[in-house]
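Please read the structure below before turning to the comments.
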Amino acid sequence: MTNALIQIADVAKSYRRGQETLSIFDRLNLTIPHGDFVAIMGPSGSGKTTLLNMLGGLDRPSGGAITFDGKQIENLSESKLSSWRAANVGFIFQFYNLMPTLTAAKNVELPLLLTRLGSGERNRRVQTALEIVGLSERKDHKPKELSGGQQQRVAIARALVADPKLLLADEPTGDLDRTTATEILEMLQLLNKDLGKTIVMVTHDPAAAKYAKRELHLDKGEFEERVS
Amino acid sequence: MGSLFRQIGAVVVMTVQSLPSRFWASLTTIVSIALVIGTLLAFLAMGNGFQKTVAGTGSDEIGIVLGTGSSGSELNSTMPSSAVSIIEEGPGIARDANGVPIVSPETYVAVGAVRRSGGAKANISLRGVEGNAAGMRPGFTITEGRMFEPGTNELIAGAGVVRQFEGFDLGAQIRFGPDTWTVVGVFEVPGTVFDSEAWADLPVVQTLFNRGPTVSALRAQLAGPNAIEELQAYVESDPRLQVEVKTEKEHFASEAGSLEALIVFGWVIAITLGLGALAGALNTMYAAVEARTKELATLRAIGFGGVPAFFGAMTESLLLALGGGIVGVAAAFLLFNGINVSTLSGSFTQVVFDFAIGPAQAISGILLALVLGFIGGIFPALKAARTPVLRIGAE
Ligand SMILES: Nc1ncnc2c1ncn2[C@@H]1O[C@H](COP(=O)(O)OP(=O)(O)OP(=O)(O)O)[C@@H](O)[C@H]1O
Ligand SMILES: [Mg+2]
């Protein structure tokens with residue numbers, strides 16, 4: 001399994017609520033190879049979002065190990081984890097989460113502020129990222145001057161500008177109409193195929209899941225695979 | 001390190017650009033801080049103006065002799081004319097070409113007057129003087145009319161009195177008790193308390209105010225650098241004299257000190273109001289941080305630390321406070337700087353002076369505003385810094 005980007009080994013996650021302990025997974029195992037595009041589906045409350053947070057270093061498992069590119073991440077300190085996220089993961093949120101007062105270009109530049117790149121190089125990369133998502137003409141627009149689909153494309157540009165290996169998306173098309181959703185999904189497919197980004201996407205929409213290389217169903221703490 | 005500054009820069013820019021979206025709350029903070037600073041400056045300007053006037057009065061080259069037990073106030077002082085004759089023969093007093101000592105015996109009484117604005121009654125000083133009095137006030141000029149005629153019920157009024165009180169215009173008749181006086185001249189001694197007095201002939205004041213053969217003070221032109229010590233030693237060695245001697249400058253400096261209480265009071269009021277403004281500022285800032293929680297949490301998810309969030313909130317708070325401070329100082333300057341008022345001096349008569357806002361007062365105002373901004377910002381900024389990392393799905 002030298003080809004694995006992510007390895008989830010016996011991962012457990014439980015939440016304590018007062019006296020009760022709510023166990024979401026007990027022993028979850030999954031391997032995601034480099035260049036994979038996985039769609040995770042499953043009933044509400046099955047833990048899809050919880051898993052995505054753990055993959056992205058936004059949450060920690062209660063047990064087990066998560067290995068990213070051969071390095072264990074679940075036991076990193078807060079600040080190491082923060083730098084790890086900045087270098088390795090791009091997040092795409094359902095509601096875009098752009099900074100309302102910043103232009104598209106400034107939003108896209110944010111992850112680069114955490115690097116050592118000079119301003120010329122940063123501008124070049126922002127320009128490239130906006131070209132990839134087809135929004136270079138809108139670089140000086142503020143989020144509220146953009147449509148939902150355009151805002152999601154800015155968010156995608158922001159997710160990929162620092163060139164992370166992994167993109168994580170939770171319901172990236174949940175807030176968009178069918179046509180716009182298709183554009184976004186095609187774009188994710190392109191990022192996977194042409195740029196080799198590994199993508200993990202959570203979705204409720206079977207049509208959206210079809211764009212992935214494979215679909216995983218999470219239910220009762222276990223995965224069931226359906227190859228598309 | 002460069003990265004940290006860039007992160008701070010980005011968050012500060014975001015914060016500043018988001019200010020218009022919290023326009024009314026921000027404006028409220030600015031206005032409340034401006035009110036505090038304006039109030040503080042009113043007191044500081046008053047204190048400063050009074051101090052300038054009182055401390056600007058009085059010369060090193062004039063000695064002032066007051067009766068013992070007058071606690072340094074001309075109004076409370078009395079000494080017999082016999083004492084005057086002894087003192088003027090003493091050492092250290094300059095003499096004119098004919099060998100006559102240059103002294104000015106003066107009687108100082110409080111008389112009622114009515115303010116032009118508001119009509120309130122207040123006491124002003126009427127000073128009975130002889131020929132040397134004017135010469136011992138550098139800058140003394142008669143600006144309208146003429147000097148009073150000795151032996152008559154004529155008086156001349158200081159320009160400050162004419163501005164602030166009714167009935168002292170040139171040619172006016174004015175009653176003090178049973179007697180009627182005529183204003184025959186207006187005089188100025190700019191920037192001094194004498195501007196707030198009326199002057200008349202000494203013997204007439206002594207008679208009409210039943211002072212008998214006594215005076216309140218004797219002013220003496222000093223002869224040289226050690227003259228004041230010589231004169232002091234002389235009066236102390238003579239058992240017939242119950243008097244104390246100071247230079248006129250020392251005398252007024254101690255009177256100006258009595259207004260320090262007003263300045264302290266101003267600070268107390270401003271800080272009390274400041275606590276109110278602080279509550280408002282804290283509220284605004286907590287709301288501002290609250291409003292940006294999602295953005296800050298998203299930045300944390302991207303990999304930003306908590307420090308930039310702290311600086312963002314702190315910058316906002318300090319900017320609002322600075323805005324309030326500048327508005328407060330500017331408003332105070334436009335509203336009160338140079339306005340002419342009268343207030344009680346240490347000796348219970350009115351002193352007319354100008355409010356004066358100088359750089360020291362403006363800096364005090366801005367500093368207080370920044371302190372309010374700092375305190376109002378620090379807790380919300382710490383809260384901002386502790387914004388937890390956004391979790392996917394918790395948008
Ligand atoms: N912070 C938390 N504290 C306690 N319980 C939580 C917390 N976050 C999630 N849960 C619980 O964990 C379970 C899984 O939640 P999760 O959000 O991962 O589900 P999901 O599969 O993404 O659901 P959906 O399809 O509705 O988005 C749910 O029962 C949820 O209530
Ligand atoms: Mg979910």
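Residue numbers start from 1 in every chain, and the chains themselves are labelled A, B, ... in the order their sequence lines are given, proteins ahead of strands.
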**Message:** Just verifying a value: how many Å separate B/I302 CD1 and A/M99 CE, rounded to the nearest 0.5 Å?
**Reply:** 5.5 Å
**Request:** Verify, without hydrogens or angle tests, whether A/S82 (side chain) and B/G303 (backbone) share a donor-acceptor contact under 3.5 angstrom.
**Result:** yes
**Request:** Check whether more than 12 heavy atoms from other residues, nucleotides or ligands sit under 6.0 Å from atom CZ of B/F43, and answer yes or no.
**Result:** yes
**Asked** Around atom OH of B/Y286, are there more than 12 heavy atoms of other residues, nucleotides or ligands at under 6.0 Å?
**Response** yes
**Prompt:** Around atom NZ of A/K13, are there more than 12 heavy atoms of other residues, nucleotides or ligands at under 6.0 Å?
**Reply:** yes
**Request:** Examine whether an atom of A/R158 lies under 4.5 Å from a heavy atom of chain B, and if so say whether it belongs to the side chain, the backbone or both; otherwise answer neither.
**Result:** side chain
**Message:** Is there a side-chain contact between B/R6 and A/L117 in this structure, where contact means two heavy atoms from C-beta onward sitting under 4.5 Å apart?
**Reply:** no
**Message:** Using a 6.0 Å cut-off, check whether atom CZ of B/F333 has over 12 heavy atoms from anything other than its own residue.
**Reply:** no
**Message:** Please report the interatomic distance CD(B/E295) to CG(A/N97), rounded to the nearest 0.5 Å.
**Reply:** 9.5 Å
**Prompt:** Are side-chain heavy atoms of A/F93 and B/T298 found at a separation under 4.5 Å?
**Reply:** yes
**Message:** Quick one, A/Q94 and B/I392 - any side-chain contact, counting heavy atoms below 4.5 Å?
**Reply:** no
**Message:** Sub-4.5 Å heavy-atom contacts with chain B: which residues of residues 50-67 of chain A show up?
**Reply:** A/L52, A/N53, A/L58, A/D59
**Asked** What is the distance from atom CG of A/L114 to atom CD of B/Q7, rounded to the nearest 0.5 Å?
**Response** 4.5 Å
**Message:** So does B/R300 get a backbone contact from the side chain of A/R85, meaning a donor-acceptor N/O pair under 3.5 Å?
**Reply:** yes
**Asked** Got more than 12 heavy atoms from elsewhere within 6.0 Å of CD, A/E222?
**Response** no
**Message:** How close do A/F95 and B/K294 get, counting heavy atoms only, and between which atoms?
**Reply:** O-NZ, 4.2 Å
**Residue B/F265 excluded, over 12 heavy atoms near CZ under 6.0 Å** = no
**Prompt:** Which residues, numbered in order, of residues 356-375 of chain B come under 4.5 angstrom of chain A by heavy-atom distance?
**Reply:** none
